[in-house]
Amino acid sequence: MKRLMTSVAALAILASGASAQTAGTPSTLDTLSSMKTTGVTEFTVVEQTGDFADGIKKNLERIKMPPGFKIGLYAIVPDARHMAVGPQGIVTFVGTRKSEVWSVTDRNKDRVADEVKNFAPSLTKAIPNGPCFSPDGFLYIAEQNRVLVYPAAEFFYESPDVVAVNVIPQGELIPPEEESYNHTARVCKIGPDGKLYISLGQPFNVRPPEKADLYDQVGIGGMIRVNTDGSGREVVARGIRNSVGHDFHPTTGELWFTDNQVDGMGDDIPPGEINRMSATGLNFGHPWYGGGSIRTNEYAGQEVPVEVTMPVVETVAHAADLGMMFYSGKMFPEKYQNAIFSAQHGSWNATTPVGARVMVSYVAEDGTATSEPFAEGWIDENGEYLGRPVDVAQLRDGSLLVSDDLAGAIYRIWYEGQ
């Protein structure tokens, strides 16, 4: 706690200096950075019971998992996307592709949320998809074109005014002219080196040649890392079409990530990917490869000018692999220790719907991996989606949370034994 409060004080000093230099009327962010009130007092509170919740619970009866596992409704969370569980286990923050971040609290610790309300409602947000925590309790949220840090958010989220400070100011994550409605959901994670890693999806189905130099320089279609104050920006990976999930291996410290692959090449190709970044500076093949070893139509006749790192796991085409995490809890059987749990969102245009499930991938000592379904059943006998999993996160008791932006819900999976 001493380390946390010292860091908060340092950020407050920096923020007050930045605010003092701002000309004209202070913005809401300036006001919050200076620890001043905005006058906003209202929250949006989400009802957790009723017919809607009962309908979701009914659908969960269809979900198939290995013996001994159970699934239940944890919370109703509109448009639920990526999740960050607070280090103290007090609250889980849930991003969206719209304008809200939700705080989800289980006050009585019965492993069902008691309260869901919007986080920092006094501050306008734009596609705040990607929350992530530092080990000492700083909440970072990667939006479409900025990154903010909320010191001690887990303790002060009860107020509509929460201290918020720029890490990467609005318009500086990517050039404003490159903002798009497509592939604009960011995710972030603090690495073993203490730096903040952020994925930057490129907005095209296949990146056009005229964007190559700019995107390689900025890190669009790749991965960047910065110090936690936003300084020292580096592009650490390129050739990534649209990654919306990454995590660091608990033992090796290597970054692994999912990647969504090219559309319009057919129902069965190209495959989705789970990749391993064993060093910085690697290129993972886009736009020359559409997924795995499948060449894109647009670049099929060209020599590949870079050395390409191929995926460790090729997944079902168009299943849309999104959030992923390494399991480190003690609840699940030993076989799941350090395994990757990942969410398949499901195809938006396949002739036969695919995905809409949670996968598990087992990583061998040599770095290879094998993948199989873990929880599935969100596609019914009519080919309709009953849910579309987005992200996975681990509670302190070792159970698994799964977000679903179609149903607007978070599920909890736990193990009771056989």
Side-chain angles (χ1 to χ4, degrees), residues 180 182-187 199-209 211-212 215-216 219-223 237-247 254-278 282-324 340-361 363 367-373 388-391:
S180 171
N182 198 36
H183 299 166
T184 193
R186 318 297 183 199
V187 293
S199 61
L200 299 177
Q202 59 81 45
F204 297 92
N205 185 36
V206 178
R207 188 196 73 189
K211 295 291 185 179
Y215 284 12
D216 283 350
I220 299 175
M223 194 88 63
R238 295 179 173 87
I240 302 170
R241 181 175 176 268
N242 182 40
S243 174
V244 200
H246 61 254
D247 196 11
E254 294 174 331
L255 180 66
W256 291 61
F257 62 92
T258 61
D259 198 5
N260 283 238
Q261 295 308 308
V262 171
D263 293 311
M265 299 184 70
D267 273 358
D268 301 323
I269 60 170
E273 299 181 353
I274 298 178
N275 294 277
R276 177 170 64 101
M277 194 175 83
S278 57
L282 299 180
N283 193 299
F284 292 89
H286 187 81
W288 300 277
Y289 292 91
S293 60
I294 303 297
R295 295 294 301 271
T296 58
N297 296 330
E298 292 82 352
Y299 290 77
Q302 298 187 19
E303 181 179 349
V304 181
V306 296
E307 182 178 349
V308 173
T309 299
M310 289 296 177
V312 178
V313 176
E314 294 187 1
T315 62
V316 174
H318 311 301
D321 301 88
L322 298 184
M324 61 153 284
I340 297 171
F341 284 97
S342 57
Q344 290 188 337
H345 195 225
S347 173
W348 64 273
N349 66 343
T351 304
T352 302
V354 295
R357 58 187 178 177
V358 176
M359 304 292 290
V360 60
S361 301
V363 181
T368 60
T370 57
S371 186
E372 65 185 27
R388 300 191 71 180
V390 176
D391 193 24

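Quick caveat, the model's predicted, so the values are computed rather than measured.
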Are [X] and [Y] side-chain neighbours, meaning at least one heavy-atom pair lies under 4.5 Å?
| X | Y | answer |
| --- | --- | --- |
| H246 | M223 | yes |
| P208 | Y215 | no |
| E273 | R241 | no |
| N242 | H286 | no |
| R186 | L200 | yes |
| M359 | P373 | yes |
| I340 | V363 | yes |
| V244 | L322 | yes |

Please report the closest heavy-atom contact between [X] and [Y], naming both atoms and the distance.
| X | Y | value |
| --- | --- | --- |
| S361 | S371 | OG-OG, 3.1 Å |
| Q344 | D321 | NE2-OD2, 3.0 Å |
| A343 | D391 | CB-N, 3.7 Å |
| P270 | G290 | CG-O, 3.3 Å |
| A212 | R207 | CB-NH2, 3.4 Å |
| V313 | A369 | CG2-CB, 3.6 Å |

Could you measure the distance from the [atom1] atom of [X] to the [atom2] atom of [Y]? Nearest 0.5 Å is fine.
| X | Y | atom1 | atom2 | value |
| --- | --- | --- | --- | --- |
| M324 | S243 | CE | OG | 9.0 Å |
| D247 | E254 | CG | CD | 12.5 Å |
| R295 | Y289 | CZ | OH | 5.5 Å |
| H345 | T258 | NE2 | OG1 | 12.0 Å |
| N275 | L282 | CG | CG | 10.0 Å |
| I269 | E314 | CD1 | CD | 11.5 Å |

### Query
Between V316 and R357, does a side-chain contact (heavy atoms from CB on, under 4.5 Å) hold up when you go through it step by step?
CA-CA 12 Å; V316 174; R357 58 187 178 177; 3.4 Å; yes
### Task
Cation-pi check, R238 to F284: give yes when NZ or CZ is under 6.0 Å from the six-membered ring centre and within 45° of the ring axis, no otherwise.
no
### Query
Quick one: does D267's side chain have a donor or acceptor within less than 3.5 Å of a partner on A350's backbone?
no
### Query
Would V187 and F257 satisfy side-chain contact (heavy atoms from CB on, under 4.5 Å), going step by step from the backbone distance to the final call?
CA-CA 11 Å; V187 293; F257 62 92; over 6 Å; no
### Message
Heavy-atom count check: over 12 atoms from other residues, nucleotides or ligands less than 6.0 Å from E307 CD?
### Response
no
#### Entry: D268 atom CG: more than 12 heavy-atom contacts under 6.0 Å
no
